[in-house]
Amino acid sequence: MIDVGFDFTGRHVLVTGGTRGLGLAVAQAFLDAGARVSITGTKILPSLYDADLSRLEYHQLRLASSDAIESFVERIGALDVLVNTAGARLSTDLAEHEREFLCHSARLGFVGPLRLTQQLRPRLCASRAPGGGAVIHAGSTAKWLELTQTPADAEAELVAQTSRTGRAWQRLGSRVNMVLPPPRFSVPHQQRGHFSSYATTGDSALLTRPRTASGVTAEQIASVILFLSSGGAAAVTGQTIRTDATR
């Protein structure tokens with residue numbers, strides 16, 4: 001359970017990729033803290049996912065489409081917090097030239113979570129929440145940059161972008177930070193069968209036998225994300241926080 005008290009009553013939180021793994025753990029944490037929580041996924045219906053999403057507002061969103069992003073932004077309404085946990089998922093049916101075009105479009109910020117973030121800036125900067133609106137990038141956001149870069153270069157670029165954007169948005173009444181989970185972390189039981197999940201920063205779940213995992217949990221990472229979204233972190237922007245196991 002989230003062991004730090006947060007109250008997000010009356011706030012609207014959007015978690016991209018909130019149907020599984022870290023994204024779902026973050027969405028549930030905000031929901032338990034009183035927020036109205038919207039999540040996105042690529043499937044048509046929320047019932048097609050293994051997890052119970054009935055308490056969350058589900059929206060289909062293909063982040064590889066700029067038109068889909070613009071249409072979604074028009075529908076989502078007022079927003080206080082954006083948490084990007086959606087990894088890069090491109091259709092396997094794409095021709096090679098189409099895939100190359102999308103990869104470079106993601107690199108330039110024309111599609112993907114960085115595009116969505118920019119499109120939602122007016123909504124987030126208009127937030128009346130204490131400390132203003134908040135954007136939190138999870139490590140999976142870097143997967144979009146990894147389409148054309150090495151993982152190390154993609155992470156370095158996202159850290160630099162977070163720093164620049166955080167400073168720029170602070171003048172507009174909002175903040176941008178990033179949380180980098182460790183390569184592997186445990187997530188709570190989310191499947192309908194007799195399995196538990198183990199997640200990576202790519203947000204892809206691997207079914208395993210039930211086990212007690214050591215190290216950092218998704219719920220602990222969610223606590224950090226909730227703190228960065230709270231009024232208590234109003235002065236924190238442009239920062240990258242790396243989570244790791246405590247000894």
Side-chain angles (χ1 to χ4, degrees), residues 1-18 22-40 55-59 61 69 72-86 113-141 158-181 216-243:
M1 295 180 63
I2 303 299
D3 57 3
V4 179
F6 295 104
D7 184 4
F8 286 89
T9 302
R11 299 191 214 174
H12 185 195
V13 177
L14 171 62
V15 182
T16 64
L22 176 60
L24 180 56
V26 170
Q28 291 174 331
F30 273 109
L31 196 65
D32 291 341
R36 169 193 166 200
V37 183
S38 296
I39 60 172
T40 70
R55 298 171 61 209
L56 303 162
E57 297 180 21
Y58 177 79
H59 301 267
L61 175 61
I69 291 173
F72 172 78
V73 169
E74 291 177 358
R75 301 191 313 268
I76 194 63
L79 192 65
D80 300 294
V81 178
L82 168 63
V83 183
N84 283 313
T85 70
L114 296 179
R115 172 68 171 178
L116 176 66
T117 300
Q118 287 297 329
Q119 292 287 89
L120 288 172
R121 182 177 67 175
R123 313 288 179 91
L124 292 161
C125 291
S127 171
R128 296 179 179 274
V135 176
I136 312 295
H137 295 302
S140 50
T141 303
L158 187 56
V159 169
Q161 284 191 23
T162 300
S163 178
R164 291 193 302 270
T165 308
R167 292 194 300 271
W169 283 38
Q170 188 176 36
R171 296 191 294 270
L172 301 173
S174 192
R175 51 220 153 101
V176 181
N177 293 290
M178 180 164 64
V179 174
L180 289 179
V216 176
T217 68
E219 291 176 334
Q220 290 172 320
I221 299 168
S223 290
V224 177
I225 291 174
L226 262 67
F227 167 70
L228 289 173
S229 305
S230 70
V236 180
T237 189
Q239 302 301 308
T240 295
I241 297 179
R242 299 177 185 272
T243 58

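Note that this is a predicted model, so its numbers are computed, not measured. We use all heavy atoms of the structure for the numbers below, so side chains are in, but hydrogens, waters and symmetry mates are not.
Residues L116 and L61 have side chains in contact (heavy-atom distance under 4.5 Å, counting atoms from C-beta outward). In this structure the side chain of V37 reaches within 4.5 angstrom of the side chain of I39, judged on heavy atoms. At a threshold of 4.5 Å between non-hydrogen side-chain atoms, the residues M178 and L180 count as touching. Within the 4.5 Å cutoff, side-chain heavy atoms of E57 are placed close to those of R36. Between V13 and L79 the shortest side-chain heavy-atom distance does not fall below 4.5 Å. Looking only at side-chain heavy atoms (C-beta outward), S38 and I76 come within less than 4.5 Å of each other. At least one side-chain heavy atom of V179 sits less than 4.5 Å from a side-chain heavy atom of L228. By the 4.5 Å heavy-atom criterion applied to side chains, H137 and V176 are counted as neighbours.
The shortest non-hydrogen separation linking L226 to A33 is CD2-CB, 4.2 Å. Among all heavy-atom pairs drawn from A235 and Q170, the shortest one is O-NE2, 4.3 Å. When all heavy atoms of S229 and V81 are compared, the pair lying nearest together is OG-CG1, 3.5 Å. Scanning both residues, A134 and S174, for their nearest heavy atoms gives N-OG, 3.8 Å. Nearest heavy-atom pair across G23 and T85 is CA-OG1, 3.3 Å. Contact record, V236 with Q239: CG1-CG, 3.8 Å, taken as the closest heavy-atom pair.
Atom CG of L22 sits about 7.0 Å away from atom OG of S140, to the nearest 0.5 Å. Here OG1 of T40 is found 11.5 Å from CG of L56. Values are rounded to the nearest 0.5 Å. We find the CZ-OG1 distance between R175 and T165 to be 15.0 Å, quoted to the nearest 0.5 Å. Here I225 contributes atom CD1 and E219 contributes atom CD; the two are 12.5 Å apart, rounded to the nearest 0.5 Å.
Applying the side-chain contact (heavy atoms from CB on, under 4.5 Å) criterion to R55, with sequence neighbours excluded, gives L31, D32.
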*Evaluate the side chain to side chain contact (heavy atoms under 4.5 Å, CB included) criterion for residues V224 and T243: first the C-alpha distance (whole Å), next the side-chain angles of each, then the deciding distance (0.1 Å), finally the verdict.*
CA-CA 9 Å; V224 177; T243 58; 4.2 Å; yes
*asked:* side chain to side chain contact (heavy atoms under 4.5 Å, CB included), that's the test. Do L14 and L120 meet it? Break it down for me.
replied: CA-CA 11 Å; L14 171 62; L120 288 172; 3.9 Å; yes
*asked:* For N177 and I241: C-alpha separation, side-chain torsions, deciding distance, then whether side chain to side chain contact (heavy atoms under 4.5 Å, CB included) applies.
replied: CA-CA 8 Å; N177 293 290; I241 297 179; over 6 Å; no
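Applying the salt bridge (Lys or Arg N to Asp or Glu O under 4.0 Å) test to residues at least two apart or on different chains, none of the pairs has a partner in residues 221-235. Within the structure, side chain to side chain donor-acceptor pair (under 3.5 Å) pairs that include any residue of residues 113-130 comprise E70-R115, D80-S127, N84-T117 (at least two apart or interchain).
The aromatic rings of F8 and F30 sit perpendicular to each other, their planes meeting at more than 60°, with 30° as the lower class boundary.
Using modelled atom types, no side-chain atom of Q28 and backbone atom of A25 make a donor-acceptor pair closer than 3.5 Å. S230 places a side-chain N or O within donor-acceptor distance of the main-chain N or O of F227, the cut-off being under 3.5 Å.
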